[in-house]
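Each remark here refers to the structure printed beneath this line.
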Number of protein chains: 2
Amino acid sequence: MADTKTNLSIATLAAHAGETVTLKGWLYNKRDSGKIRFLVLRDGSGYLQCIVVKKEVDEALWETTGHVTQESTIEVTGEVRLHPKQPGVVELGVTGFRILDLCADWPITPKEHGVDFLMSQRHLWLRSSKQASTLRIRSEVESAIHDFYYTRGYVRVDSPILTPTACEGTSNLFETQYTEDEKAYLSQSGQLYAEPAAAALGKVYCFGPTFRAEKSKTRRHLREFWMVEPEVAFLEIDGLMDLAEEFIKELAGRVLDRRKDDLARLERDPTKLEATISKPFPRIAYRDAIEILKAKGFPVQFGDDLGGDEETALTEGYDTPVMVTKYPAAIKAFYMQPDPNDPEVVSCLDVLAPEGYGEIIGGSQRIHDHDLLLKRIHEHNLPVEPLQWYLDIRKYGTFPHSGFGMGLERFTAWMCGVPHLRECIPYPRMLYRIYP
Amino acid sequence: MADTKTNLSIATLAAHAGETVTLKGWLYNKRDSGKIRFLVLRDGSGYLQCIVVKKEVDEALWETTGHVTQESTIEVTGEVRLHPKQPGVVELGVTGFRILDLCADWPITPKEHGVDFLMSQRHLWLRSSKQASTLRIRSEVESAIHDFYYTRGYVRVDSPILTPTACEGTSNLFETQYTEDEKAYLSQSGQLYAEPAAAALGKVYCFGPTFRAEKSKTRRHLREFWMVEPEVAFLEIDGLMDLAEEFIKELAGRVLDRRKDDLARLERDPTKLEATISKPFPRIAYRDAIEILKAKGFPVQFGDDLGGDEETALTEGYDTPVMVTKYPAAIKAFYMQPDPNDPEVVSCLDVLAPEGYGEIIGGSQRIHDHDLLLKRIHEHNLPVEPLQWYLDIRKYGTFPHSGFGMGLERFTAWMCGVPHLRECIPYPRMLYRIYP
């Protein structure tokens with residue numbers, strides 16, 4: 001049995017300098033310079049310049065490389081050589097070449113395509129360099145998420161997607177018939193299910209798709225998106241803020257450290273992300289945020305929710321994320337713990353990314369007092385019976401606990417410097433967009 | 001900002017032997033032995049024996065520890081001591097004790113509960129030792145999955161859950177109204193979406209929930225379960241079999257290596273899993289499997305699908321998984337590549353776990369010839385238009401490729417020696433079971 005780890009790929013080819021190798025992939029680009037031809041092979045792991053010198057190859061090879069087209073499947077043989085000027089980069093001196101499948105009429109050409117066209121060709125558009133780099137960075141972030149929690153002893157607890165109740169109204173929920181008599185709704189968050197698991201396993205997190213049947217059609221909304229949600233027993237709001245900051249720092253550091261080439265392909269200036277790793281994040285209470293916004297000319301007052309423009313204004317002048325805490329209880333979810341010194345506000349946390357990328361994290365300490373939670377359920381006009389199991393967690397050995405949710409696509413968009421979330425997920429689901 | 005890595009937990013307490021520490025958690029068990037009282041604290045990471053010696057503590061502490069009940073939230077202070085007989089195990093010499101929340105009427109008592117009762121109390125049942133161990137092993141497997149693919153240069157590509165078409169009939173699909181005019185269906189597999197991504201990124205995998213609205217009510221079916229699906233460009237069936245074997249070996253090795261305590265709590269004999277790591281898996285062609293089954297008295301013939309009893313019979317005498325290949329094309333999916341030497345069968349792969357745990361992996365090489373795939377779509381009476389994007393992958397630079405799907409709950413059940421899948425997912429979704 002061959003060890004699949006040793007398979008050759010462009011990303012690890014530098015270790016094979018001086019060897020003759022054969023690689024398979026697709027033709028990404030081609031350019032002729034008199035009697036030298038430059039072919040760029042892509043195999044998904046990277047891009048390799050393959051140099052064909054007319055006088056060094058037979059006529060058939062020169063002809064074949066002459067008529068090969070973009071996105072044709074090819075097999076290239078040659079010697080791995082260190083690039084004369086770029087350290088760590090290799091190129092291939094071609095000695096053999098085969099077309100495995102000649103590609104005709106590749107639809108994604110250098111001309112400007114409309115977004116609708118590109119989205120309808122998403123299954124092919126993925127092969128474009130910026131799209132592939134965005135997805136590689138997304139995958140790196142996912143890997144960093146798992147490593148972050150694994151090394152800290154968290155247990156991953158997958159929350160269910162099919163949930164029985166629509167506690168907070170059905171208007172933004174996808175509904176399905178679960179059995180003949182029973183409906184189910186697609187989950188908007190795993191938090192309620194993570195809380196009982198925190199009582200069982202101490203530190204847990206869930207990571208999975210979440211759903212919002214929103215009618216809005218903005219660059220910051222997807223109907224299906226992925227969220228990571230840690231939930232920690234005996235953690236209170238200050239510890240939660242530390243956790244969120246440490247988490248973002250580690251994720252950003254990982255992208256900067258391991259996905260340099262992809263950032264470069266995306267023309268993303270990595271220095272824009274460096275302060276996030278090295279500097280502490282400002283922590284601003286909502287009451288102070290209101291004063292800051294008033295001073296900037298926003299007509300806001302205590303009790304108003306903060307929109308995208310206000311969020312951007314609050315991050316102005318900072319090159320790290322900004323943490324906003326202690327929002328009014330009235331505009332936040334029913335389960336948030338009141339602030340012990342200021343009961344009009346709750347022990348919550350929003351993290352706003354710099355450069356206008358908006359909210360990437362929302363979280364809070366949760367109410368752990370049974371009777372207070374029940375009171376809030378009534379105040380929010382929520383039905384008690386479907387939340388009985390959630391109340392139970394406060395009935396049997398209750399405990400202070402906190403957690404947050406981070407949207408993967410929003411975080412990825414910020415890392416990549418991509419304004420629209422639709423490029424930060426392989427197959428975006430938006431209003432009027434469910435194909436392919 | 002405190003580094004959250006250094007938080008004390010029972011799992012890492014051995015490093016603190018000799019120190020006085022304070023821990024929070026829940027009372028798991030209590031036993032009196034005259035003037036010594038043994039309390040078992042659980043904090044989700046492990047279990048800690050806390051010893052209270054009457055003559056060494058004040059009267060109030062002795063009284064409080066006397067009336068504390070199971071699942072009460074407690075805070076215990078004491079000196080960490082190495083267990084006199086069990087290496088690596090620590091216990092606590094209690095000097096301080098506080099009840100944070102006294103638990104009354106904990107519903108899950110040592111008496112025999114019916115499954116329906118336990119399932120309706122799933123949010124609390126998670127705290128039981130075997131349930132928590134099963135979920136820790138599930139989480140370890142998930143972590144091993146990501147590490148396996150990350151170290152081999154795979155890119156994780158999340159496939160969509162909301163899909164536009166019901167290619168193979170709607171009877172087992174959950175349906176939802178996507179927009180006023182359009183329905184969507186919950187995905188049964190990410191494979192079709194992973195294939196275009198393999199053309200973009202070479203080696204990819206998806207990992208997420210999948211859905212089957214099955215009416216069956218067996219121990220081997222869940223309506224919502226998690227699946228990992230690698231898809232690899234230029235990989236053919238022999239390489240796929242190697243990949244599946246290497247994958248299973250690494251996952252099983254990780255569980256054996258890092259989750260010994262949890263296997264012990266589950267009373268799972270780890271030697272049952274050792275052959276999987278050390279021995280090659282038998283590879284049996286379907287035609288030979290039919291002969292083996294006939295010899296064992298099964299009334300089967302070429303063209304029959306193999307059920308659970310047949311699968312178990314095929315694994316008899318083996319202590320590793322068994323790989324069955326080359327099933328008849330007629331009983332397999334439309335996209336499977338025909339065997340080059342025997343066109344009645346396809347280049348597919350089922351992996352059957354030993355000990356009767358059944359199929360854990362199904363996969364195949366995919367048809368990469370456009371016209372053959374189109375022919376198969378017609379033969380299976382599938383609509384062409386919704387599969388046009390899938391056909392496109394064969395139109396533009398087609399390439400041989402292969403992949404498989406592994407069900408996380410089935411793999412976890414085998415590792416844990418748990419017969420029913422419902423205990424291998426935090427919140428199982430079955431027919432008539434969607435609460436909590």
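Here is how names work: the chains are called A, B, and so on, in the same order as the sequence lines, proteins then strands, and each is numbered from 1.
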Do you know which of B:Y432, B:Y193, B:Y390 has the most heavy-atom pairs with chain A at a distance under 4.5 angstrom?
B:Y193
Checking A:F234 against chain B: side chain, backbone, both or neither under 4.5 Å from a heavy atom?
side chain
Do the side chains of A:D158 and B:R138 get close enough for a salt bridge, i.e. N-O under 4.0 angstrom?
yes
With chain B, which of A:E140, A:H368, A:R122 has the greatest number of heavy-atom pairs at distances under 4.5 Å?
A:E140
Ignoring hydrogens and angles, tell me if any N or O in the side chain of B:T73 forms a donor-acceptor pair with the backbone of A:T398 under 3.5 Å.
yes
Check whether A:P436 gets within reach of chain B through its side chain, its backbone, both or neither, counting any heavy atom under 4.5 Å.
both
Distance col, row A:K395:NZ vs B:C103:SG, nearest 0.5 angstrom, shows 9.5 Å
Could you tell me whether the side chain of A:W26 and the main chain of B:G397 form a donor-acceptor pair under 3.5 Å?
yes
Answer yes or no: is there a side-chain heavy-atom contact under 4.5 Å between B:L162 and A:F211?
yes
Quick one: of A:A213, A:P209, A:A184, A:S72, who has the most non-hydrogen atom pairs under 4.5 Å with chain B?
A:P209
Per-residue contact mode, A:T12 against chain B (heavy atom under 4.5 angstrom)
neither
Interchain contact, A:Q70 with chain B, by part (heavy-atom threshold 4.5 Å)
neither
Given the options A:I393, A:D147, A:D238, which has more heavy-atom pairs under 4.5 Å with chain B than any of the others?
A:I393
Value for CG (A:L201) from OG (B:S45), rounded to nearest 0.5 Å, stands at 10.0 Å
Interatomic distance, CD1@B:I434 vs NZ@A:K183, rounded to 0.5 Å, equals 12.0 Å
Among B:E182, B:E71, B:Q177, B:R42, who wins on heavy-atom pairs under 4.5 Å with chain A?
B:R42
Is it the side chain or the backbone of B:L124 that comes within 4.5 Å of chain A heavy atoms, both, or neither?
side chain
With a 4.5 angstrom heavy-atom cut-off, is it the side chain or the backbone of A:E224 that approaches chain B, or both, or neither?
side chain
Minimum heavy-atom separation for A:E385 and B:Y435, please, with both atom names.
O-OH, 4.4 Å
Relative to chain B, which segment of A:A11 carries a heavy atom at a distance below 4.5 Å: side chain, backbone, both, or neither?
neither
Non-hydrogen atoms of A:E175 and B:T176 that approach each other most closely
O-OG1, 2.6 Å
Contacting region of A:L126 [heavy-atom separation from chain B under 4.5 Å]
both
With a 4.5 angstrom heavy-atom cut-off, which part of A:A199 approaches chain B: side chain, backbone, both or neither?
both
Between CD1 of A:I161 and OG of B:S187, what distance do you get to the nearest 0.5 Å?
11.5 Å
Against chain B, label A:L102 side chain, backbone, both or neither, depending on which of its atoms sit under 4.5 Å from a heavy atom there.
neither
Side chain, backbone, both or neither: which part of A:H123 has an atom under 4.5 Å from a heavy atom of chain B?
both
Between A:R258 and chain B, which part of the residue has a heavy atom less than 4.5 Å away: side chain, backbone, both or neither?
side chain
If you count heavy-atom pairs within less than 4.5 Å of chain B, which of A:G25, A:G202, A:A104, A:P160 leads?
A:P160
Where is the tightest heavy-atom contact between B:A200 and A:A132, given as atom of each residue plus distance?
O-CB, 4.4 Å
Would you indicate whether the side-chain heavy atoms of A:Y149 and B:S139 approach each other to under 4.5 Å?
no
Please look at A:W226 and chain B and tell me whether the side chain, the backbone, both or neither of the residue comes under 4.5 angstrom of a heavy atom of that chain.
side chain
With side chains defined as the heavy atoms from C-beta onward, is the minimum distance between B:P426 and A:S159 less than 4.5 Å?
no
Over-ring placement of B:R156 relative to A:F207, 6.0 Å and 45° cut-offs
no
Output the distance between atom CH2 (B:W106) and atom OH (A:Y396), rounded to the nearest 0.5 Å.
8.0 Å
Select one option (side chain, backbone, both, neither) describing which atoms of A:Y178 are under 4.5 Å from chain B's heavy atoms.
both
Heavy atoms only, distances under 4.5 angstrom: which of B:D392, B:V232, B:V157, B:L100 has the most pairs with chain A? Name it, please.
B:D392
In Å and rounded to the nearest 0.5 Å, what is the CE to OG1 distance from A:M430 to B:T179?
13.5 Å
Less than 4.5 Å apart, any side-chain heavy atom of B:P164 and any of A:R429?
yes
Turns out that what part of A:D181 lies under 4.5 Å from chain B's heavy atoms comes down to neither
Find out whether the Lys NZ or Arg CZ of A:R254 is both under 6.0 angstrom from the six-membered ring centre of B:Y150 and within 45° of the ring's axis.
yes
